[in-house]
Amino acid sequence: KANYPAEFMASLLTSDEGNTDRQAIEVADAVGLGITVLPPDVNQSEEDFSVVDIENVAAIRFGLGAIKNVGHGVIEAIMNDRNENGPFTDLFDLFTRINSRDFNRKSVESLAKAGAFDSLAERNEVLVNTERLLEFNRALHKQRDEGQQGLFGGQAEVIRPRIALDPTEPAPKDDRVTW
(Lines give C-alpha, C1' and ligand atoms only; values in the text may rest on other atoms or scores of the structure.)
Protein backbone atom coordinates (compact mmCIF):
# COMPACT_ATOMS: atom_id res chain seq x y z
CA LYS A 1 0.00 0.00 0.00
CA ALA A 2 2.90 2.36 0.74
CA ASN A 3 4.91 1.67 -2.43
CA TYR A 4 2.17 0.95 -4.98
CA PRO A 5 -1.00 2.57 -3.64
CA ALA A 6 -2.96 2.62 -6.93
CA GLU A 7 -2.18 -1.03 -7.67
CA PHE A 8 -3.04 -2.00 -4.09
CA MET A 9 -6.37 -0.16 -4.14
CA ALA A 10 -7.28 -1.56 -7.58
CA SER A 11 -6.64 -5.09 -6.30
CA LEU A 12 -8.62 -4.41 -3.15
CA LEU A 13 -11.57 -3.06 -5.15
CA THR A 14 -11.46 -6.09 -7.45
CA SER A 15 -11.38 -8.51 -4.51
CA ASP A 16 -14.50 -6.88 -3.04
CA GLU A 17 -16.43 -6.97 -6.32
CA GLY A 18 -20.13 -7.42 -5.57
CA ASN A 19 -19.89 -5.75 -2.17
CA THR A 20 -20.87 -2.17 -3.05
CA ASP A 21 -20.79 -0.95 0.54
CA ARG A 22 -17.18 -2.08 0.95
CA GLN A 23 -16.22 -0.71 -2.46
CA ALA A 24 -17.66 2.70 -1.58
CA ILE A 25 -15.38 2.82 1.46
CA GLU A 26 -12.38 1.73 -0.62
CA VAL A 27 -13.07 4.33 -3.33
CA ALA A 28 -13.18 6.99 -0.60
CA ASP A 29 -9.86 5.64 0.75
CA ALA A 30 -8.31 5.82 -2.74
CA VAL A 31 -9.49 9.40 -3.19
CA GLY A 32 -8.12 10.19 0.27
CA LEU A 33 -4.73 8.87 -0.89
CA GLY A 34 -4.89 11.26 -3.86
CA ILE A 35 -5.74 8.54 -6.40
CA THR A 36 -8.26 9.43 -9.07
CA VAL A 37 -10.97 6.79 -9.56
CA LEU A 38 -12.30 6.95 -13.11
CA PRO A 39 -15.75 5.69 -14.14
CA PRO A 40 -16.17 2.61 -16.32
CA ASP A 41 -15.75 3.06 -20.07
CA VAL A 42 -16.45 0.51 -22.83
CA ASN A 43 -13.37 1.78 -24.68
CA GLN A 44 -10.92 1.62 -21.77
CA SER A 45 -12.13 -0.56 -18.90
CA GLU A 46 -10.98 -4.10 -18.33
CA GLU A 47 -13.13 -6.67 -16.56
CA ASP A 48 -11.53 -5.86 -13.20
CA PHE A 49 -10.39 -2.56 -11.74
CA SER A 50 -7.16 -1.52 -13.42
CA VAL A 51 -4.44 1.07 -13.04
CA VAL A 52 -4.15 3.54 -15.90
CA ASP A 53 -1.68 6.33 -16.53
CA ILE A 54 -3.19 9.81 -16.80
CA GLU A 55 -0.47 12.33 -17.62
CA ASN A 56 2.15 10.30 -15.69
CA VAL A 57 -0.11 9.94 -12.66
CA ALA A 58 -1.59 6.55 -11.72
CA ALA A 59 -5.40 6.40 -11.62
CA ILE A 60 -7.84 3.55 -11.15
CA ARG A 61 -10.32 2.74 -13.94
CA PHE A 62 -13.56 1.11 -12.76
CA GLY A 63 -13.91 -2.43 -14.09
CA LEU A 64 -16.88 -3.53 -16.21
CA GLY A 65 -17.25 -6.62 -14.02
CA ALA A 66 -18.14 -4.44 -11.05
CA ILE A 67 -21.32 -3.18 -12.75
CA LYS A 68 -24.38 -5.05 -11.51
CA ASN A 69 -26.48 -6.93 -14.09
CA VAL A 70 -23.68 -7.04 -16.68
CA GLY A 71 -22.74 -10.63 -17.33
CA HIS A 72 -19.36 -12.06 -18.18
CA GLY A 73 -20.54 -12.81 -21.74
CA VAL A 74 -21.22 -9.13 -22.49
CA ILE A 75 -17.93 -8.03 -20.94
CA GLU A 76 -16.02 -10.65 -22.91
CA ALA A 77 -17.76 -9.65 -26.17
CA ILE A 78 -16.99 -5.95 -25.61
CA MET A 79 -13.35 -6.52 -24.66
CA ASN A 80 -12.65 -9.07 -27.43
CA ASP A 81 -14.15 -6.87 -30.14
CA ARG A 82 -12.41 -3.77 -28.81
CA ASN A 83 -9.04 -5.58 -28.75
CA GLU A 84 -9.50 -6.97 -32.28
CA ASN A 85 -11.11 -3.99 -34.03
CA GLY A 86 -10.09 -0.96 -31.97
CA PRO A 87 -12.15 1.41 -29.86
CA PHE A 88 -15.82 1.99 -30.54
CA THR A 89 -16.36 5.24 -32.43
CA ASP A 90 -19.99 5.85 -31.50
CA LEU A 91 -23.09 4.16 -30.13
CA PHE A 92 -24.03 2.65 -33.51
CA ASP A 93 -20.54 1.21 -33.93
CA LEU A 94 -20.87 -0.52 -30.55
CA PHE A 95 -24.36 -1.90 -31.25
CA THR A 96 -23.22 -3.01 -34.72
CA ARG A 97 -20.16 -4.89 -33.46
CA ILE A 98 -21.35 -6.53 -30.22
CA ASN A 99 -23.05 -9.88 -30.69
CA SER A 100 -23.86 -11.59 -27.41
CA ARG A 101 -27.02 -13.27 -26.14
CA ASP A 102 -26.38 -11.54 -22.82
CA PHE A 103 -26.50 -8.09 -24.46
CA ASN A 104 -30.01 -7.30 -23.28
CA ARG A 105 -32.10 -4.50 -21.82
CA LYS A 106 -30.84 -5.00 -18.27
CA SER A 107 -27.15 -5.05 -19.23
CA VAL A 108 -27.46 -2.01 -21.54
CA GLU A 109 -29.33 -0.01 -18.89
CA SER A 110 -26.77 -0.94 -16.24
CA LEU A 111 -23.84 0.02 -18.48
CA ALA A 112 -25.54 3.33 -19.35
CA LYS A 113 -26.38 4.19 -15.74
CA ALA A 114 -22.82 3.42 -14.64
CA GLY A 115 -21.47 5.76 -17.32
CA ALA A 116 -19.75 3.12 -19.46
CA PHE A 117 -21.20 4.65 -22.66
CA ASP A 118 -20.42 8.28 -21.73
CA SER A 119 -17.60 8.52 -24.31
CA LEU A 120 -20.12 7.49 -27.00
CA ALA A 121 -23.46 9.05 -26.02
CA GLU A 122 -25.32 10.79 -23.23
CA ARG A 123 -26.72 8.41 -20.58
CA ASN A 124 -30.34 9.46 -20.85
CA GLU A 125 -30.22 9.15 -24.66
CA VAL A 126 -29.14 5.51 -24.29
CA LEU A 127 -31.75 4.80 -21.61
CA VAL A 128 -34.64 6.32 -23.57
CA ASN A 129 -33.61 4.48 -26.75
CA THR A 130 -32.50 1.15 -25.25
CA GLU A 131 -35.22 -0.95 -26.86
CA ARG A 132 -34.74 0.67 -30.28
CA LEU A 133 -30.96 0.11 -30.09
CA LEU A 134 -31.41 -3.53 -29.08
CA GLU A 135 -33.88 -4.15 -31.92
CA PHE A 136 -31.32 -2.63 -34.30
CA ASN A 137 -28.65 -4.94 -32.83
CA ARG A 138 -30.80 -8.08 -33.07
CA ALA A 139 -31.96 -7.38 -36.63
CA LEU A 140 -28.43 -6.68 -37.84
CA HIS A 141 -26.97 -9.82 -36.26
CA LYS A 142 -29.88 -11.95 -37.46
CA GLN A 143 -29.14 -10.74 -41.00
CA ARG A 144 -25.46 -11.63 -40.56
CA ASP A 145 -26.21 -15.01 -38.96
CA GLU A 146 -28.58 -15.97 -41.79
CA GLY A 147 -25.75 -15.19 -44.20
CA GLN A 148 -27.75 -13.28 -46.79
CA GLN A 149 -26.32 -13.82 -50.25
CA GLY A 150 -25.39 -11.05 -52.64
CA LEU A 151 -26.87 -10.69 -56.13
CA PHE A 152 -23.98 -12.61 -57.74
CA GLY A 153 -23.47 -15.14 -54.94
CA GLY A 154 -21.13 -14.82 -52.02
CA GLN A 155 -21.74 -13.03 -48.77
CA ALA A 156 -23.65 -9.79 -49.16
CA GLU A 157 -21.92 -6.76 -47.77
CA VAL A 158 -23.72 -5.62 -44.66
CA ILE A 159 -24.67 -1.97 -44.87
CA ARG A 160 -24.21 -0.14 -41.60
CA PRO A 161 -27.63 1.39 -41.15
CA ARG A 162 -28.32 4.06 -38.61
CA ILE A 163 -31.55 4.56 -36.78
CA ALA A 164 -33.10 7.77 -35.58
CA LEU A 165 -32.95 8.07 -31.81
CA ASP A 166 -35.57 9.94 -29.83
CA PRO A 167 -34.16 13.28 -28.70
CA THR A 168 -33.77 13.58 -24.93
CA GLU A 169 -32.67 16.00 -22.30
CA PRO A 170 -29.39 15.11 -20.56
CA ALA A 171 -29.84 13.15 -17.34
CA PRO A 172 -29.90 15.45 -14.31
CA LYS A 173 -26.84 15.30 -12.07
CA ASP A 174 -28.92 13.95 -9.16
CA ASP A 175 -30.04 10.98 -11.30
CA ARG A 176 -26.49 10.27 -12.49
CA VAL A 177 -25.21 10.26 -8.90
CA THR A 178 -28.07 7.97 -7.80
CA TRP A 179 -27.35 5.52 -10.65
Side-chain angles (χ1 to χ4, degrees), residues 10 13-14 17-18 20 23 36-54 59-148 155-173 175-179:
L13 284 160
T14 298
E17 210 164 88
T20 54
Q23 283 182 323
T36 302
V37 180
L38 302 168
D41 187 320
V42 291
N43 278 327
Q44 297 178 1
S45 290
E46 300 298 325
E47 183 166 3
D48 296 326
F49 288 85
S50 57
V51 178
V52 294
D53 184 38
I54 305 289
I60 298 172
R61 174 67 70 180
F62 212 90
L64 295 175
I67 303 171
K68 287 184 180 182
N69 302 318
V70 180
H72 180 72
V74 173
I75 296 167
E76 190 174 343
I78 289 170
M79 290 177 47
N80 287 343
D81 192 280
R82 181 184 71 202
N83 292 338
E84 289 176 23
N85 302 311
F88 301 103
T89 56
D90 59 26
L91 203 56
F92 294 102
D93 186 37
L94 177 106
F95 278 82
T96 299
R97 290 166 44 184
I98 299 305
N99 187 8
S100 171
R101 290 179 188 241
D102 299 329
F103 199 49
N104 56 34
R105 180 176 195 76
K106 200 171 225 180
S107 63
V108 170
E109 287 176 347
S110 295
L111 286 164
K113 286 180 177 181
F117 297 137
D118 283 358
S119 62
L120 306 176
E122 203 280 320
R123 292 179 198 193
N124 212 31
E125 180 180 35
V126 176
L127 292 171
V128 167
N129 292 288
T130 297
E131 201 55 47
R132 183 174 285 165
L133 289 163
L134 286 169
E135 287 173 18
F136 164 79
N137 177 270
R138 283 186 216 110
L140 187 64
H141 291 289
K142 181 178 179 185
Q143 176 186 357
R144 286 182 183 168
D145 292 344
E146 290 175 354
Q148 291 187 353
Q155 184 73 19
E157 184 176 328
V158 177
I159 299 169
R160 289 190 51 190
R162 293 180 78 85
I163 56 173
L165 299 179
D166 292 334
T168 62
E169 293 290 321
K173 185 175 182 177
D175 288 348
R176 290 194 321 263
V177 169
T178 301
W179 296 333

Check [Y] with [X], please: is the shortest side-chain N to carboxylate O separation under 4.0 Å?
{"X": "Arg123", "Y": "Asp175", "result": "no"}
{"X": "Arg61", "Y": "Glu46", "result": "no"}
{"X": "Lys113", "Y": "Glu109", "result": "no"}
{"X": "Arg176", "Y": "Glu122", "result": "no"}

Are the side chains of [Y] and [X] in contact, using a 4.5 Å heavy-atom criterion?
{"X": "Phe103", "Y": "His141", "answer": "no"}
{"X": "Leu127", "Y": "Trp179", "answer": "yes"}
{"X": "Leu13", "Y": "Phe62", "answer": "no"}
{"X": "Asn43", "Y": "Leu120", "answer": "yes"}
{"X": "Glu47", "Y": "His72", "answer": "yes"}
{"X": "Phe92", "Y": "Leu140", "answer": "no"}
{"X": "Leu38", "Y": "Gln44", "answer": "no"}
{"X": "Leu165", "Y": "Leu133", "answer": "yes"}

Check against side chain to side chain contact (heavy atoms under 4.5 Å, CB included), Leu64 and Leu111: CA-CA 8 Å; Leu64 295 175; Leu111 286 164; 4.1 Å; yes

[atom2] on [Y] to [atom1] on [X], rounded to 0.5 Å:
{"X": "Glu131", "Y": "Asp166", "atom1": "CD", "atom2": "CG", "result": "12.5 Å"}
{"X": "Ile98", "Y": "Asn137", "atom1": "CD1", "atom2": "CG", "result": "8.5 Å"}
{"X": "Phe117", "Y": "Phe88", "atom1": "CZ", "atom2": "CZ", "result": "9.0 Å"}
{"X": "Glu125", "Y": "Leu91", "atom1": "CD", "atom2": "CG", "result": "6.5 Å"}
{"X": "Thr178", "Y": "Lys173", "atom1": "OG1", "atom2": "NZ", "result": "12.0 Å"}

Stepwise side chain to side chain contact (heavy atoms under 4.5 Å, CB included) test for Asn129 and Phe136: CA-CA 11 Å; Asn129 292 288; Phe136 164 79; over 6 Å; no

Is there a donor-acceptor pair under 3.5 Å between the side chain of [X] and the backbone N or O of [Y]?
{"X": "Asp81", "Y": "Ala77", "value": "no"}
{"X": "Arg82", "Y": "Ser45", "value": "yes"}
{"X": "Thr130", "Y": "Arg105", "value": "no"}
{"X": "Ser107", "Y": "Gly71", "value": "no"}
{"X": "Arg132", "Y": "Ala164", "value": "yes"}

Contact summary for Asn124 and Ala171, nearest pair of heavy atoms: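 For Asn124 versus Ala171, the nearest heavy atoms are CB-N, 3.6 Å.
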
Exercise: identify the closest heavy-atom pair between Ala114 and Pro39: O-CB, 4.5 Å

Side chain to side chain contact (heavy atoms under 4.5 Å, CB included) between Asp41 and Asp118, worked out: CA-CA 7 Å; Asp41 187 320; Asp118 283 358; over 6 Å; no

Intermediate values then yes/no, side chain to side chain contact (heavy atoms under 4.5 Å, CB included), Val108 and Val74: CA-CA 10 Å; Val108 170; Val74 173; over 6 Å; no

